[in-house]
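In what follows, chains are A, B, ... by sequence order, proteins preceding strands, each numbered from 1. Side chains are part of it too, since the values below use all heavy atoms of this structure and drop only hydrogens, waters and symmetry mates.
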Amino acid sequence: MLATYEQLYSHYGRQHWWPAETAFEIMVGAILTQNTAWTNVEQAIVNLKQHGMLDAQRLLRAPDVRLGDWLRPSGYFNLKARRLKNFCRWYTENGGYEALNRLETNELRHELFSVNGVGPETADDILLYAFNRPVFVIDAYTRRIFTRLGIVDNGLSYEALRSLFEQSLYRSLSQRNKSGRIHQARLVRIFNEYHALIVMHGKDICRPRPLCQNCCLTQRCKRYKISI
DNA sequence: ACCCAGGGTCATA
DNA sequence: TATGACCATGGG
């Protein structure tokens with residue numbers, strides 16, 4: 001795991017994720033980017049910004065039709081308008097960032113799941129990138145890339161994969177330290193960068209079809225020199 | 001024209 | 001519990 005991270009990093013460099021100015025913008029982006037290209041999400045966020053709508057209370061006040069109109073470029077706009085409001089309702093009712101940030105990671109994760117429209121990946125995006133919690137985000141690219149590399153089995157559950165990455169990276173990193181321990185902030189930085197690199201690599205070359213007869217990954221990535 | 005994207009929910013078997 | 005339908009825009 002760690003070796004793959006280092007190869008990706010040396011090839012693509014730092015990714016500077018999550019691209020946003022505030023924690024709330026990250027959370028909004030996490031919902032809007034569900035099964036959607038980020039370039040589409042950007043325009044929707046610009047729309048929200050232009051109307052001063054990067055704010056939970058104002059979003060809740062906005063008429064559904066207006067909100068849908070701003071979200072249109074990000075696709076599934078009716079659905080996402082509803083999900084965004086569900087999230088904002090939860091966010092305000094639970095006292096906003098400061099209050100939520102006092103919760104333990106697992107508690108906060110459980111709370112996030114109570115929002116209709118927030119599933120495991122969206123919750124983990126929010127935990128990692130908005131709340132700086134050491135949670136590894138699993139997405140379609142992660143599955144595809146590491147399955148093709150032969151590192152993980154097909155059909156593992158989201159939680160199984162997440163645990164695998166978290167445990168494996170934790171062990172490798174703490175072994176590398178003399179003290180045998182590792183600061184949470186360092187774990188967060190690695191998880192942050194790693195997920196971003198996986199997405200970058202996935203967008204770059206790891207498509208679903210054609211099944212990469214010549215896929216850089218199954219070939220141990222001659223092109224990008226990525227191996228296990 | 002076709003494929004794909006930084007998923008999640010719900011109804012059905 | 002495991003599939004399938006559905007959500008929708010925009011870029012390659």
Side-chain angles (χ1 to χ4, degrees), chain A residues 5 8-9 12 14-20 23-48 64-90 109-131 133 135-148 153-162 165 188 190-213 215 217:
Chain A
Y5 167 76
L8 286 170
Y9 187 92
Y12 294 105
R14 271 187 66 178
Q15 300 301 305
H16 306 283
W17 271 34
W18 187 288
F24 189 72
E25 185 181 339
I26 292 172
M27 306 189 227
V28 171
I31 291 170
L32 295 188
T33 198
Q34 290 172 356
N35 202 38
T36 300
W38 180 253
T39 51
N40 283 8
V41 177
E42 284 181 318
Q43 186 54 49
I45 292 187
V46 166
N47 291 341
L48 291 177
D64 292 349
V65 181
R66 279 273 289 217
L67 182 52
D69 213 41
W70 296 324
L71 299 185
R72 188 175 295 274
S74 76
Y76 306 135
F77 57 91
N78 287 318
L79 185 63
K80 284 174 179 174
R82 240 183 302 129
R83 290 186 178 176
L84 199 48
K85 284 201 174 185
N86 291 342
F87 176 79
C88 289
R89 199 171 308 117
W90 170 84
R109 191 165 194 266
H110 187 73
E111 281 298 318
L112 280 162
F113 278 129
S114 73
V115 181
N116 185 297
V118 175
E121 186 182 340
T122 306
D124 290 343
D125 276 336
I126 291 172
L127 287 166
L128 177 60
Y129 292 103
F131 287 94
R133 306 303 178 93
V135 169
F136 199 91
V137 179
I138 304 296
D139 68 342
Y141 288 131
T142 314
R143 262 176 203 291
R144 192 182 305 154
I145 290 170
F146 286 86
T147 301
R148 288 183 186 176
D153 300 333
N154 227 333
L156 285 184
S157 70
Y158 183 96
E159 294 304 326
L161 273 177
R162 182 170 73 90
F165 275 85
V188 168
I190 303 263
F191 290 178
N192 174 322
E193 199 63 41
Y194 203 166
H195 176 62
L197 286 165
I198 286 169
V199 172
M200 183 54 54
H201 182 66
K203 286 199 286 199
D204 188 6
I205 49 175
C206 200
R207 307 270 151 198
R209 293 200 300 264
L211 243 54
C212 281
Q213 292 293 349
C215 176
L217 295 172

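Using atom P as the reference point in both C/dC6 and B/dG6, the two lie 24 Å apart (nearest Å). When the P atom is used for both B/dC10 and C/dA8, the distance is 15 Å, rounded to whole Å. Taking atom C1' on both nucleotides, B/dA5 is separated from C/dC7 by 14 Å, rounded to a whole Å.
Contact check for A/I198 versus A/F146: side-chain heavy atoms found under the 4.5 Å cut-off. Within the 4.5 Å cutoff, side-chain heavy atoms of A/C88 are placed close to those of A/F24.
Along DNA chain B, the nucleotide nearest A/G202 and the nucleotide nearest A/G119 are compared for position; the residue whose nucleotide lies closer to the 5' end is A/G202. Nearest-nucleotide mapping onto DNA chain B: of A/G117 and A/N40, the residue sitting toward the 5' end is A/N40.
No hydrogens or angles considered: a donor-acceptor pair under 3.5 Å links the side chains of A/D139 and A/T142. Looking at A/S74 and A/Q43, their side chains never bring a donor and an acceptor atom within 3.5 Å of each other. Judged by distance alone, the side chains of A/R83 and A/N86 never bring a donor and an acceptor atom under 3.5 Å apart.
Note: CG (A/L112) to C1' (B/dG7) measures 15 Å, nearest angstrom. To the nearest angstrom, P of B/dG6 lies 12 Å from CG of A/D204. A straight line from CZ of A/F87 to P of B/dG7 spans 17 Å, rounded to a whole angstrom. Straight-line distance from the CG atom of A/N35 to the P atom of C/dG11: 17 Å, rounded to whole Å. Between A/W70 atom CH2 and C/dT9 atom P the separation is 18 Å, expressed in whole Å. If you take CH2 of A/W38 and C1' of C/dG10, they are 15 Å apart, rounded to a whole angstrom. One interatomic measurement links the two molecules: OH of A/Y76 to P of C/dT9, which rounds to 11 Å at whole-angstrom precision. One interatomic measurement links the two molecules: NE2 of A/H16 to C1' of B/dG6, which rounds to 18 Å at whole-angstrom precision.
Cation-pi check for A/R162 over A/F136 is not met; the charged atom does not lie both under 6.0 angstrom from the ring centroid and within 45 degrees of its normal.
Interatomic distance, A/C206 SG to A/Y141 OH, rounded to the nearest 0.5 Å: 9.0 Å.
Looking at the side chain of A/L79, the nearest of the listed nucleotides B/dG6, C/dG11, B/dG7 is B/dG7. The listed nucleotides are B/dC10, B/dG7, B/dG6; the one nearest the side chain of A/N116 is B/dC10.
Stacking of A/W18 onto the six-membered ring of B/dG6 is not present when judged by under 5.5 angstrom between centres and under 30° between planes.
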Filtered N/O pairs between nucleotides 1-4 of chain B and protein, under 3.5 Å:
| residue | atom | partner | partner atom | Å |
| --- | --- | --- | --- | --- |
| B/dC4 | OP1 | A/R209 | N | 3.1 |
| B/dC4 | OP1 | A/R209 | O | 3.3 |
| B/dC4 | OP2 | A/R209 | NH2 | 2.7 |

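Panel note: side chain A/Q15, backbone A/M200; no donor-acceptor pair is recorded below 3.5 Å.
Here the rule is side-chain contact (heavy atoms from CB on, under 4.5 Å) with A/L71, and of A/L32, A/V41, A/V28, A/N78 only A/L32 fits it.
Across all strands, A/K80 comes closer than 4.0 Å to no nucleic acid atom at all (heavy-atom distances). At a threshold of 4.0 angstrom between heavy atoms, the contacts of A/D125 with the nucleic acid are absent. Here A/T122 lies in heavy-atom contact (under 4.0 Å) with sugar-phosphate atoms only. Across all strands shown, A/V118 has heavy atoms under 4.0 Å from sugar-phosphate atoms exclusively, and none from any base.
Counting only Watson-Crick or G-U wobble pairs whose defining distances are both under 3.5 Å, the stems of 3 or more consecutive pairs in DNA chain B are B:2-5 with C:9-12, B:7-13 with C:1-7.
A search for side-chain hydrogen bond (donor to acceptor under 3.5 Å, both in side chains) contacts involving A/Y158 returns A/D124, not counting sequence neighbours.
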